[in-house]
**Q** 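Submitted below is the structure of interest, expressed as structure tokens.
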Protein chains: 2
Amino acid sequence: MEIVEVVAVKLAFKMNQLENKLNTKNIKPTSMRLLVLKQLVESKSAVSLSELENTFEKVDKVTLYRTLKTFEQKKLIHSIDDGSRAVKYALCEENCECEPEDQHVHFHCENCEETFCLTNTGIPALNIPSSFKAKSVNMVYKGICANCAD
Amino acid sequence: MEIVEVVAVKLAFKMNQLENKLNTKNIKPTSMRLLVLKQLVESKSAVSLSELENTFEKVDKVTLYRTLKTFEQKKLIHSIDDGSRAVKYALCEENCECEPEDQHVHFHCENCEETFCLTNTGIPALNIPSSFKAKSVNMVYKGICANCAD
DNA sequence: CGATTAATTGCAATTGTGTTGCATTGCTTT
DNA sequence: AAAGCAATGCAACACAATTGCAATTAATCG
Ligand SMILES: [Mn+2]
Ligand SMILES: [Mn+2]
Ligand SMILES: [Zn+2]
Ligand SMILES: [Zn+2]
């Protein structure tokens, strides 16, 4: 088998994985969505709409906006309010239902402005006054990330 | 002493309290600032710039904006990122230096959109990966507040 | 297959919040 | 009173988020 073929097969396989991810969440796998999902999979930190806009300069931002909304609604990704003006998005873990027990802490670097999922750090249950009925919780640390430490 | 006079004295006394609050934080007590501070003191939940704008229709929003900035900088109030688009502000507790140990949890009601300071609920210290250097942390619950519970 | 319908994408425009620059006002100090 | 400085007002801008509708593409049906 030629090298080119091997690469093609591998690429096809990778694409199939992405397609599967979308199918599993009942999202029709259009080329646009595969493109965005690929970017999200490869990204090491959470991405904002404007970052996506810069990555795919030819694609309209509204399309990207709606793609993210669809992904979020179908629980493929979760949104992160890191205190910067722009909302960021990151892939959910396997079997995530975006319930409080699935949520984790995030870290926003004040230097590089990147936001990371601390997927291993769950959010501890807290005793808040019983008159408040909590449905979700957002916990974000700010400081200097591993890459920016001197 | 006439009733009117009594009221006047009480009002003057109240104003003096507000003035003192500003003086203590090294903020020159202009009439504008006294007005905004009064609103903040009387408010049971955190307020946004646009809410202030509606309360004081004659006042320019930039003035209110800068008033809030000054108050925040002088640690008279703290800002809250509750996940809604608009930043909210609330009075600091006595002797607050806005250090991590002074910070508390907030609650944002998804129904009435109001945001409350849970001043008695501190933010617990968490073990995050040591490569991240945290300087501050934000923790916001979302759900239904006491007033909106059926 | 072609025709019809539904879903997706693109383009233009608008909203809402936050922000800056500069002119004007008002207080303070000499 | 004049000068200097801080506070306020007005206009304009930056930018993320969002909506409406037209154009395109994909799915469905005869
Ligand atoms: Mn995350
Ligand atoms: Mn608070
Ligand atoms: Zn960093
Ligand atoms: Zn409420």
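The sequence lines fix the lettering, A, B, ..., with proteins before strands; numbering per chain opens at 1.
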**Q** Show each protein N/O and nucleotides 15-19 of chain C N/O combination with a separation under 3.5 Å, one pair to a line.
**A**
residue, atom, partner, partner atom, Å
C:dG18, OP1, B:Val87, N, 2.8
C:dG18, O6, B:Lys61, NZ, 3.3
C:dT19, OP2, B:Tyr65, OH, 2.9
C:dT19, O5', B:Tyr65, OH, 2.9

**Q** Which residue in the set B:Ile77, B:Leu52, B:Val36, B:Leu76 passes side-chain contact (heavy atoms from CB on, under 4.5 Å) when paired with B:Tyr89?
**A**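 Of B:Ile77, B:Leu52, B:Val36, B:Leu76, side-chain contact (heavy atoms from CB on, under 4.5 Å) with B:Tyr89 is met by B:Ile77 alone.
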
**Q** Examine distances only and state if a side-chain atom of B:Asn26 and a backbone atom of B:Lys74 form a donor-acceptor pair shorter than 3.5 Å.
**A**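 Not at all, since once roles are kept as given, no pair shorter than 3.5 Å links the two residues.
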
**Q** Extract from the structure each pairing of a protein N or O with an N or O of nucleotides 22-25 of chain D at less than 3.5 Å, listing the distance.
**A**
none

**Q** Take nucleotides 25-30 of chain C nucleotide by nucleotide from the 5' end and write B, S or -, depending on whether a protein heavy atom sits under 4.0 Å from the base, only from the sugar-phosphate, or from neither.
**A** ------

**Q** Who are the side chain to side chain donor-acceptor pair (under 3.5 Å) partners of B:Thr67, not counting sequence neighbours?
**A**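 By the side chain to side chain donor-acceptor pair (under 3.5 Å) rule, B:Thr67 matches no residue at all.
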
**Q** Provide, to the nearest angstrom, the distance between the CD atom belonging to A:Glu19 and the P atom belonging to D:dA26.
**A**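 Value for this atom pair: 13 Å.
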
**Q** Quickly work out the A:Gln73 CD to C:dT8 P distance and round it to whole Å.
**A**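 It works out to 11 Å between those atoms.
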
**Q** Separation of B:Leu34 atom CG from D:dT8 atom C1', in whole Å?
**A**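 From B:Leu34 CG to D:dT8 C1': 15 Å.
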
**Q** Could you check how far CD1 of A:Ile27 sits from P of C:dT9, rounded to whole Å?
**A**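 Distance check: A:Ile27 CD1 to C:dT9 P gives 12 Å.
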
**Q** Rounded to whole angstroms, how far apart are CG on A:Leu64 and P on D:dT19?
**A**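 Answer to the nearest Å: 17 Å.
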
**Q** Would you find a donor on one side and an acceptor on the other, under 3.5 Å apart, between the side chain of A:Asp102 and the backbone of A:Glu99?
**A**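 Indeed, once roles are kept as given, a pair shorter than 3.5 Å links the two residues.
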
**Q** Taking OP1 and OP2 of C:dT8, is either one under 4.0 Å from a side-chain nitrogen or oxygen of A:Arg66?
**A**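 Negative; the distance criterion is not met.
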
**Q** When you measure from the side-chain N and O atoms of B:Thr30 to the phosphate of D:dA7, is any distance below 4.0 Å, counting only OP1 and OP2?
**A**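 So the side chain of B:Thr30 is outside the cut-off, no N or O lying under 4.0 Å from OP1 or OP2 of D:dA7.
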
**Q** Which residues end up grouped with A:Val105 if you chain together Ile, Leu, Val, Met, Phe, Trp and Tyr wherever their side-chain heavy atoms are less than 4.5 Å apart?
**A**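 Answer for A:Val105: A:Phe107, A:Phe116, A:Leu118, A:Ile123, A:Leu126, A:Ile128, A:Phe132, A:Val137, A:Met139, A:Tyr141, B:Val105, B:Phe107, B:Phe116, B:Leu118, B:Ile123, B:Leu126, B:Ile128, B:Phe132, B:Val137, B:Met139, B:Tyr141.
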
**Q** Pairs in or reaching into residues 110-128 of chain A: which pass side-chain hydrogen bond (donor to acceptor under 3.5 Å, both in side chains), with residues at least two apart or in two chains?
**A**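 As it turns out, the side-chain hydrogen bond (donor to acceptor under 3.5 Å, both in side chains) pairs with a partner in residues 110-128 of chain A, which skip direct neighbours, are A:Ser45-A:Glu114, A:Asp82-A:Thr115, A:His108-A:Thr115.
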
**Q** Roughly how many Å is it from CG in A:Asp60 to P in D:dT18, rounded to a whole number?
**A**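 These atoms are roughly 15 Å apart.
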
**Q** Identify the heavy atoms of A:Gly83 and A:Lys142 that sit nearest to each other, and give their distance.
**A**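 Answer, listing the atom of A:Gly83 first, then A:Lys142: CA-NZ, 3.7 Å.
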
**Q** Less than 3.5 Å apart, any donor N or O on the side chain of A:Gln73 or A:Thr70 sitting next to an acceptor on the other?
**A**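 Checked: A:Gln73/A:Thr70 side chains show no N/O donor-acceptor pair below 3.5 Å.
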
**Q** Give the minimum heavy-atom separation between A:Cys145 and A:Cys109, together with the two atoms involved.
**A**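 What the structure gives for the nearest pair is N-SG, 3.4 Å.
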
**Q** B:Phe56 has an atom CZ; how far is it from atom C1' of D:dT8, in whole Å?
**A**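 So the CZ-C1' distance, B:Phe56 to D:dT8, works out to 15 Å.
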
**Q** Separation of A:Met32 atom CE from C:dT8 atom C1', in whole Å?
**A**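 For the pair A:Met32 CE and C:dT8 C1', the rounded distance is 11 Å.
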
**Q** Distance-only, no hydrogens or angles: does the B:Arg33 side chain make a donor-acceptor pair with backbone N or O of B:Leu22 under 3.5 Å?
**A**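 Checked: no pair found.
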
**Q** Testing the basics here: between A:Ala149 and A:Ile144, what is the closest heavy-atom pair and its distance to 0.1 Å?
**A**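 Heavy atoms only, the tightest pair is N-CG2, 3.8 Å.
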
